[in-house]
Structure formats: structure tokens, C-alpha cells
Q: 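Quick one: this structure, given as C-alpha cells, is what I'll be asking you about.
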Amino acid sequence: MSTAQDLTPVFVRLKWALLRNGLRQSAGRAAVFALSLAGALLAAAALMLSFVLMRGSADVDTLAVLLTGVLALGWAVMPLFVPSGDETLDPSRLVMLPLRPQPLVRALLVASLVGIGPVFTLCLAVGCALALAHGAAGVAAAVVAVPLIVLGCVALSRAVAAANIRLLNSRRGRDLAVLSGLLIAVGIQAVNFGAQRLGRAGGLYVLDPAAEVVGWLPPASALAAVDAASEGAYGRAAAGLLLAAAALWALLLWWRRSLVRLMTAPDGSTIEAAGVRGTTATGSWEGRTGAVMQRSLRYVWRDPKTKAAWVTSLAIGAIVPLFNALQGTGSIYFACFASGMLGIQMYNQFGQDTSAFWMVAQTIASTRDAYAELRARALALLVITLPYTAVVTVATAAALGDWSALPDALGVAFALLGAMVATGAVASANFPYSIPQDSAYKNVAPGQGGLAWISILGGMVAAALLSAPVVAATIALHLTDHRDWLWLILPAGTAWGALVAWAGVRTAAPRTAARLPEILTAVSKG
């Protein structure tokens, strides 16, 4: 049986091997990972430099403590819902191995430190500590605080994942992710409102009460301890560091107990209820188009991950424009956010099928077949997105009382939606990636995370460019005071969106047919 001394390097080497082998599969994937790593390091370096430049300013302590608290919250919830992949950190894969819990926790913790996220967290923690550390006492506290922050964030993330892995791996349990997605959507918008009010207040001093509270919550308490030690409040500094250390110990203990329960207790969450499971007919859909549309809509309703993604997009798409309108700071054009959020669902269409895509691949023998498949998937998406976009735009106009701008806002929204459908079809053909079904906290297979982000972000930029003519026409009519002609944006934007969507599907069809083996390999990876 492995001991703590030899188990840890084994898991670290395994982590490196999985990462290395994932990058060796294609030069494109390696390039995407390199770009993602470079972007994360540049962002971390920029934040670190910003904090160093703010050293000595009046509000840097408030900003650093709050940012550390937000970072810890992100570590707790985001790995469950955003693309990530790490086979060494999925405890369900270790249940059959003769491993003791304590050495396993240590090995997993060290292996968790290998990755872009921990490096970014380390850079941010170092930058915050440099901004707050003054004198020998402050430096000494910073030396202790930085590893406590990094280890605390990583341990929090893995403890939460281990505690919920069985619940989230079951169909009914993973449906709870829908509620979590809604909470995240509301939380993001709350941060947005807070930033807006902060801008109107004209300073960070209004956040001092919040920073006082967060400064007593681990791991932000470790950073607050650095500031306290620099000011000579040694008792406060010691208390903050002890709180962070105690929280880390408690998280490791929770993680260990979760691993013991996972490896020894029967999995009752996946036991099916007694009785005969039947299939209810949902109506007759004739032809390939109807069958594909029915299959896509069933995925939205039945697949937990697909459902969570859709509900989160629906929630954010409505929250952003409506909340801003109710706050009196919004614009009716914020309704385009609904088009953007829902259009993202067109990306990675084949990855949503996971390994079952091989059955679909058997029916694609030509460009015509690929076009019919993509067109039906786009139509299934539009069945939901078109009326939803119209409802959100009308509701935003009602909240603002700006009915005169409704036609052109709706035209711009429809144009953007068509552009998202077009770029989503092209991205699905050129940048497919797998969505593992055996892990609740991974939405992309190892080595494909950067590919997923680049695909989505690149597609969104392309969609913005494709919808630019309609946006430019709207702006021109406003600037030239031809407001009586703005109603033409509605039919023009609708027609442009339909044309762009058709062109995108047409462009993606031959690429899909030509790359069918590569697509099948990519989406079946998980």
C-alpha cells in the first residue's frame, strides 16, 4: 500500500502526464492551451503589478481583502459549473484503489496545485500581500498568509467537490445544479450592481464595512492579518492567521471524511426506484428535421448539464437587462444580452451528444446530411430563443417605458442571435470538445479546457462583427436624427440574422462532413 511519501509524487506525475498527453493529441490544442496559460499569467501579472503600484494607498486594504474573499468564493462554486478537467481530482475514480484517506488527501492537495488556477491565485495573493506588508512584522505575516490563502482556496474547492460528487453524478442530484446556476447568475448581477453603485459613490470607502466582515472570514482573514501586523495590531494579526489555519484544517478534515464515505458507503443516490420504466410518447415528428429537433429539445429537458446551462443562460439573459432597467441605469439594448447568452448554446453542438454522437455520425454521409443535421439543431434552439428574446426585449421596454425603441432593439437582438447561431455552427464543426458525463464538476475533458474557452470567446467576437452592419445602421439613424426610420431595423435585423444563420450553417456543413472522424474522436474523449 502506498504511503504519503510515495503517493504524493505519483499523483503529481499523473497530473503532469494527463496534461502532457492531452496536449500531444494535436498542435492546435497545445496552441490553445499555451494561449490560455499566457492570458492567465498576463492577467495575474497585471493584477500583481496593480497592487504593487497601489501600495500605500488608503483603500488598497479594502480592495485586497474583498478581492481575496471573492476569489475564495469562486474557488468554492465555479469548478462545479465552468469548463475544467482533472482526472486526478475526481475521487469517484479512486474508490477501487487500496488507498488510505490521509495520504490520499495530501496527494490530491499537492496535485491540485498544478494548474493555471492555482498559479493565478498565487500571483494574486502575492500581489495583495506585497501591497499590504509593511515592516518586518507585516512581511513575516505575509510569508505565512500567502500559502494559507492558496491552500485554503484549493482545499475549499476540492472539499466541496468531494462532498457533492455522488449527489451531482446522479440525474436527480445534478438537476440541483439548475438552482445553483440561478444563484450564480443572481450573484454575478449583484456584483454588477455593487460595482455600479461604487462608481457613483466615487470611492472604495463605502466598502469598508463589508471588508471588515470579510476580513474575519478565511482565507481572507490571512490577508487582513498582514494589514493588521503592518499596523502593529499583533493580536488581530495572530487571530486572522489562526482563523485561516483552522479553516484549512477543517476543510482537509471535511475532505477526508467525504473521501471515506465515498469509498466505503454504498451509492444509494443512483439506485433506481422499483417499477417498470416506460417511455411516454411526445408526439410524432416526421422526417430528419423533426427527429433531430425532438432529440435536441429532449436533451435540454432531460440532460442535467444541458438543462443547467440553459436555465443559467435564461436567468442571466433576463436578469441583466431587467435589473438594470429597474435600477434606472439600463438601456433597452441590454436585451441583446439575452440573445448572446442563449446563442452560446449553439456552440459545441456535437459535444453535447457525448459518446452517443457516433450514432448520429452514422447518419451523416454527405454535406447534405451534415447541413440537415445542423439546420435542425439550429431550429430547435430558435424554438426557445426567438420568443424568449422577444419577451425579454418587450419586458425591458416596459420597465424603461421606452416603447419607441422597441422595434430597433428587437431587430438588433435578432441580428445578434442569428450571428451567434452562425458562429456556433462553425465552432461546433471546427472546435468540438467532450463534455464528460462521469463527473459532475467537469464540463470539458482534460486538455480541452483552453479549446472550449477559445472557441466560445472567438465565436462571440465573430458574432459581434457579423451583427455590426445592423448595429451600425441603428447608430447611424440615431446620429442623423432619422428616428422615424428606426422601425425598419426590425425587419432588416430579422432578415440579416436569418441570412447570417443560414450562411453559417451552410459554411459549417462541408466542414462537419469532412471532419466527422475527428469530431467523433474529440467528443468521445470524456
Side-chain angles (χ1 to χ4, degrees), residues 289 293 313 317-318 320-321 331-347 349 370-397 402-430 455-512:
T289 299
M293 291 179 65
S313 296
V320 170
S331 166
I332 190 172
Y333 296 103
F334 278 22
C336 293
F337 207 82
S339 301
M341 290 302 303
L342 296 179
I344 291 177
Q345 304 306 317
M346 186 63 190
Y347 291 76
Q349 279 291 309
Y371 171 73
E373 178 73 23
L374 287 169
R375 180 187 62 185
R377 290 173 183 255
L379 289 174
L381 181 138
L382 292 173
V383 165
I384 301 175
T385 56
L386 276 175
Y388 180 81
T389 300
V391 169
V392 171
T393 307
V394 171
T396 305
D402 190 7
W403 293 104
S404 61
L406 177 60
D408 52 293
L410 197 55
V412 172
F414 285 160
L416 177 60
L417 180 58
M420 294 291 289
V421 170
T423 56
V426 174
S428 296
N430 289 281
S455 170
I456 295 174
L457 294 177
M460 292 175 67
V461 172
L465 294 176
L466 288 175
S467 58
V470 177
V471 177
T474 305
I475 296 174
L477 289 175
H478 276 281
L479 293 178
T480 57
D481 203 23
H482 288 82
R483 298 179 184 272
D484 293 340
W485 296 94
L486 281 172
W487 66 271
L488 291 175
I489 297 298
L490 176 55
T494 303
W496 179 258
L499 177 63
V500 169
W502 172 82
V505 172
R506 278 288 186 187
T507 302
R511 185 65 173 168
T512 300

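Position 1 is the first residue of the sequence, and the numbers go up from there.
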Q: Closest approach of T396 and A335, non-hydrogen atoms and distance?
A: OG1-CB, 4.2 Å

Q: Any idea which heavy atoms bring A390 and L410 closest together, and the distance?
A: CA-CD1, 3.7 Å

Q: Roughly how far apart are T393 OG1 and Y388 OH, rounded to 0.5 Å?
A: 10.0 Å

Q: Output the distance between atom OG1 (T474) and atom CG (L479), rounded to the nearest 0.5 Å.
A: 10.5 Å

Q: Are side-chain N/O atoms of Y347 and T423 paired as donor and acceptor at under 3.5 Å?
A: yes

Q: If you take all heavy atoms of R511 and A429, which pair is closest and at what distance?
A: CG-CB, 4.0 Å

Q: Contact between D408 and I332 at the side-chain level, heavy atoms closer than 4.5 Å - yes or no?
A: no

Q: For residues S428 and Q349, report the shortest heavy-atom separation together with the two atoms involved.
A: OG-N, 3.0 Å

Q: Rounded at 0.5 Å granularity, tell me how far CZ in F337 sits from CG in L416.
A: 11.0 Å

Q: With rounding to the nearest 0.5 angstrom, report the OG1 to CG distance, T494 to L499.
A: 12.5 Å

Q: If you measure from CG on L417 to OG1 on T389, what distance do you get to the nearest 0.5 Å?
A: 5.0 Å

Q: Do L381 and L342 make a side-chain contact, defined as non-hydrogen atoms from C-beta onward lying under 4.5 Å apart?
A: no

Q: About how many Å separate CG of L374 and CZ of R377, when rounded to the nearest 0.5 Å?
A: 7.5 Å

Q: Quick check: closest heavy atoms across M460 and I344, and the distance to 0.1 Å?
A: SD-CD1, 4.2 Å

Q: Please name the pair of heavy atoms, one in A422 and one in A501, separated by the smallest distance, quoted to 0.1 Å.
A: CB-CA, 4.0 Å

Q: Taking the side chain as everything from C-beta on, heavy atoms only, tell me whether Y371 gets closer than 4.5 Å to T512.
A: no

Q: Is it true that a side-chain atom of W496 and a backbone atom of G418 form a donor plus acceptor pair closer than 3.5 Å?
A: no

Q: Are more than 12 heavy atoms, taken from residues, nucleotides or ligands other than W403, located less than 6.0 Å from that residue's CH2 atom?
A: yes

Q: Could you please spell out the steps behind the side-chain contact (heavy atoms from CB on, under 4.5 Å) verdict for R483 and D481?
A: CA-CA 5 Å; R483 298 179 184 272; D481 203 23; 3.7 Å; yes

